[in-house]
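See below for the structure under consideration.
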Amino acid sequence: MLRHPVECATPGLVWSEQRMATTPHTHDTTAVEIQTRRHSAAHVMAEAVLELFPGARLGIGPAIEDGFYYDFDLPRTLTPDDLIAIEARMVEIIARNAPFSRRTLGREEALSHFRGQSQSFKVELIEALTSDVVMGARDTLAGSSDAAALAGSEVSLFRQGGFEDLCAGPHVARTGDVGVIKLLRVAGAYWRGDEHRPQLQRIYGTAWPTQSELDAYLWRQEEARKRDHRRLGIDLGLFLFSDQIGAGLPIWGEDGALLRSVVEDFWKVEHRAAGYQYVYSPAIGLTDLWNTSGHLSFYRENMYAPIVMDEQQFMLKPMNCPFHLQVFNRRTRSYRELPIRYNELGTVYRYEPAGTLHGLLRTRGFTQDDSHIFCRPDQLDAEVNGVLDLGLKLWKTFGFHDYHIELAVRDPANTSKYLGDDERWVQAEAVLERALKSHNLEYVRAEGEAVFYGPKIDLKLVDALGRRWQCTTIQVDFNLPERFDLSYIGEDGAHHRPFMVHRALLGSLERFIGVLIENYGGAFPTWLAPTQAIVLPVADRHNGYAESVERALTDRGVRASSDVRSERVNAKIRDAQLRKIPYMLVVGDREAEAGTASLRLRSGDNLGAIALADVVTRITDEIDAKA
RNA sequence: GCCGAUGUAGCUCAGGGGUAGAGCAGCUGUUUCGUAAACAGCAGGCCGUGGGUUCGAAUCCCACCAUCGGCUCCA
């Protein structure tokens, strides 16, 4: 049993509170208890590391979802053996069952205390912490401080055994209450997340009340690994990467390409129905184009080097916007034709640092489901609303019903990073905010997250395991129309500047399909499955009937095949199961005689013999319903 | 890009200074079978790439590339 946590009322370290706040279900008592346990485990780990590496400097050590970490500055890099040794020492410390105790120190006292121990990161934390508390600015490290107010502030410290740490708490009562721990991995992490500051060694671990809960967690991790789209991509033959092509450049294999084309076809039909006009644009454009668009000033580090031909410089496109602007601009536009909505599955190339590549979720070449909408000021609200309507329809059809939404706005402290005047930024933010509210979508404001040409809505899809995936982005762009001098002739006969909405609803086909794979664990709903039905003849003499069954399905547009190998049905079923094919139609003497098929579902359910026509209807109905 | 780990057959992995091993997949043959793996045989690798050490390197050292776990960044 977990005893009552040590009480703590002092305003504490910003970081631990932030972590707690970002963890779901914090109001749940058991969640608070487990967070307390894990945070205490981090202290135990720090004690163990200090016992083994007396000179170690400590960074921060919060509880995180499913575990905890602590950052250390150590004289040498840790090896897997070190991890074992640290874990063993932690088990000892937990067995010592030392009580956690709290005391407070004045700011100056605390500073000299940690200076005396050469714990410079702790010193920095106190300096930041006390000013934050006084100034009420939780996220600001720097900032002017009121000396008088600071002098009176206090910080809390927690001790267990021979180890004392700056900490807001709360903690468990004794080290024995930490529970069952396991260290998972070591990773480099920049101090305060800043790549210009020292890199520390971060040890990740997890802690649970009992061994069986730890085992259950490790089992869940294993299950999650089985859903990894990179694993499934290989197993199901969906896509591949090749050393001969280059990192971050996926190739779609047979079934992956089929899946992708199903997604694309559906996307195109829905966009046409929503009043979009499809356009095509080239992969490269003259350097001057990217100058005009502002990409060379604001996006160059993500762009590939110029291609020189005939004394002209071209650059590979990292975005599709400038091309769509050209389509709009090719002739004078009337206010009567607005809104104009161009869409394109546009393949872009962006340089991404090698260490950030991750299967289909982070690549160097990807195809955005892109669109640019040009409209009058009085149409802007309706257009953004229309984008959300279409988005919701798509996401729901693909099986995503929960979203995590951010309204990304400028960093007010650094407006020089952005193009365009204040008034338009304020206007753009207001339009996005109104659209979210009118759809009753909850969102959080994210300052400093806007792109250089406008504020945006970033929408993350929440998958079957509760994980969030950044896919959608909806941006109001007041800047590119200006740069390319877009205009339309208004009712008054004068030129007016159109507004522009830039949006990708699935994000990129690569990432979206990666997310689809993980969400469904490779077992796609029938309308998406590359092979929707497979006919399994019991013996070779049933191959003829099997092929007629297959034809009955393919004639109705079902993606079906037959497994006519000289294998036993058991083997054919096993292979079909592993390929996660939704429908298996077993046919033998009885079925051939009666004109039926014995229907087995991917779930393992055996529905028995069903008249062929009914099987076909059942499958086509399900495909049509996109269920 | 930064920190760490890893790289052996299509896949999963063993081996480890003296000219490469298993299972599955593949191919061939036999089997004709009723809801998650029939049997036998064959074939398959410049041990990520390039240097170095050595009589000899897949094995040791260095560099690079890629992948994995994180950090930072993002569709």
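All values below come from the heavy atoms of this structure, side chains included, with hydrogens, waters and symmetry mates left out. In what follows, chains carry the letters A, B, and so on, assigned in the order in which the sequence lines appear, proteins first and then strands, with residues in each chain numbered from 1.
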Contact class for [X] (heavy atom, under 4.0 Å): base, sugar-phosphate, or nothing?
X: A/Gly193; value: sugar-phosphate
X: A/Ser566; value: base
X: A/Gln199; value: base
X: A/Gly507; value: sugar-phosphate

Pair A/Asp235 + A/Arg231: basic N to acidic O under 4.0 Å:
yes
Using only side-chain N and O atoms of [X], determine if any of them is under 4.0 Å from OP1 or OP2 of [N].
X: A/Arg568; N: B/rG34; result: no
X: A/Arg202; N: B/rG4; result: no
X: A/Lys456; N: B/rA75; result: yes
X: A/Arg230; N: B/rG69; result: yes

Does the gap between the ring centers of A/Phe266 and A/Phe398 come in under 6.0 Å?
yes
Any donor-acceptor pair under 3.5 Å joining the side chain of A/Gln201 to the base of B/rG70?
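Side chain to base: no pair present.
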Counting distance alone, no hydrogens or angles: does the base of B/rC3 have a donor or acceptor under 3.5 Å from a partner atom on the side chain of A/Arg185?
no
Could you work out which one of B/rA36, B/rA38, B/rG1 sits closest to the side chain of A/Gln577?
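Minimum distance to the A/Gln577 side chain belongs to B/rA36.
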For B/rG70, is there a stacking contact with A/Tyr204, counting only centres under 5.5 Å and planes under 30°?
no
